[in-house]
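Report on the following structure.
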Amino acid sequence: MITFNALNLNKYTLNELTDIKATFYRQGFVLIDTSSINGKDKISPVATALNLGNAATTYYNKTYFDYKLTTDNLAVIGDLPNRKGKINHEGFESNNAQGLHVDGTIEPLGSIQTSLLYCKQPAKIGGESIVFNLMGAINDLAKNDLSLIQPLFDPNALKRASTYEGINESHTGPILGYHPETKRLIARFAINITCQWQEGFNKVPGLERTINRLIAMAEEGSPYTAKFQLQSETLLVMDNSRICHGRAAYTDCPTKPRTMIRGIYSQLPN
């Protein structure tokens, strides 16, 4: 089970794959130093080393935000003049804080299992990454009161929807379940504006009580959360099926805007 006890924020190189995988599966994320990787593309060599396959993309981003994607399906995150489209993506283009979430706004449970986030240029001020040990929190709730967990398996538990005018896209599904192939216990969760919780609360008995407990456990400073700054040439590997992530608000340097590159994958490191 994922734990944030004795949190490991060491940066590993690709020569330390055993440590990378052990840390990933113990705490749900791991940091990689990419400074020794040749070339501009730092994500693909890491994905190859971890046997993640090719980067995936979602129907949602491919349809409405393709201008943020590279030819390799990597998303470029930042307020960059050469990556503008008709719709400004709140998460990709603003400097606002981003609430905790898993990647894949309208994707079914388990579609995106691993997320890679490469820091090309950090913000001038702020922009720290925030992670939440979702599966650890759920596990501890189950130890104290198993009835709190049952609502999370309900197919009506969580509706996540696009918040952009003119985009009528959403997906409703369980928060907790088992991956159809690996049978691994996985989760889909968010604490941001994409969640339409009231629909789930109206349909699923006991859900509101459980969600309120999880939201309290996800508050900054709790033992289930961690906050750290990604430096240039650092890559964050996340288990998108067991932890959530977000970011703090930030201030950009006008000549060197914060720039992140993200890849999402259907596979786990192996």
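When a residue number appears, it is its place in the shown sequence, counting from 1.
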Side-chain donor or acceptor of K42 paired with backbone N/O of I37 under 3.5 Å: yes
Pairs where residues 12-59 contributes a residue and the test ring pair (Phe, Tyr, Trp, His ring centres under 6.0 Å) is met, not counting sequence neighbours: F4-F29, F29-F228
Greater than 12 external heavy atoms within 6.0 Å of Y178's OH: no
Donor-acceptor contact present, side-chain R160 to main-chain G173, <3.5 Å: no
Cluster link L109 to I149, ILVMFWY, side chain under 4.5 Å: no
Euclidean distance, E199 CD relative to N156 CG, rounded to 0.5 Å: 9.0 Å
Donor-acceptor contact present, side-chain N144 to main-chain D140, <3.5 Å: yes
Side chain to side chain, N73 and K62, heavy atoms closer than 4.5 Å: yes
Over 12 foreign heavy atoms within 6.0 Å of CD, Q198: yes
Criterion salt bridge (Lys or Arg N to Asp or Glu O under 4.0 Å) on R213 and D145, from CA distance to verdict: CA-CA 12 Å; R213 293 284 295 274; D145 185 352; 5.9 Å; no
Heavy atoms of other groups near K21 NZ, more than 12 under 6.0 Å: yes
Heavy-atom neighbours of N202 CG exceed 12 at 6.0 Å: yes
Co-membership, hydrophobic cluster, residues I2 and L31, 4.5 Å side-chain: yes
D239 backbone acceptor or donor facing Q113 side chain under 3.5 Å: no
Side-chain donor or acceptor of T210 paired with backbone N/O of L148 under 3.5 Å: yes
Steps toward side chain to side chain donor-acceptor pair (under 3.5 Å) verdict (S35, D33): CA-CA 6 Å; S35 59; D33 179 358; 2.8 Å; yes
Flag side-chain contact, heavy atom, 4.5 Å: L268 against N51: no
Greater than 12 external heavy atoms within 6.0 Å of N270's CG: yes
Test item: D72 side-chain N/O and L74 main-chain N/O as donor-acceptor pair under 3.5 Å: no
More than 12 heavy atoms from other groups under 6.0 Å of CG on N54: no
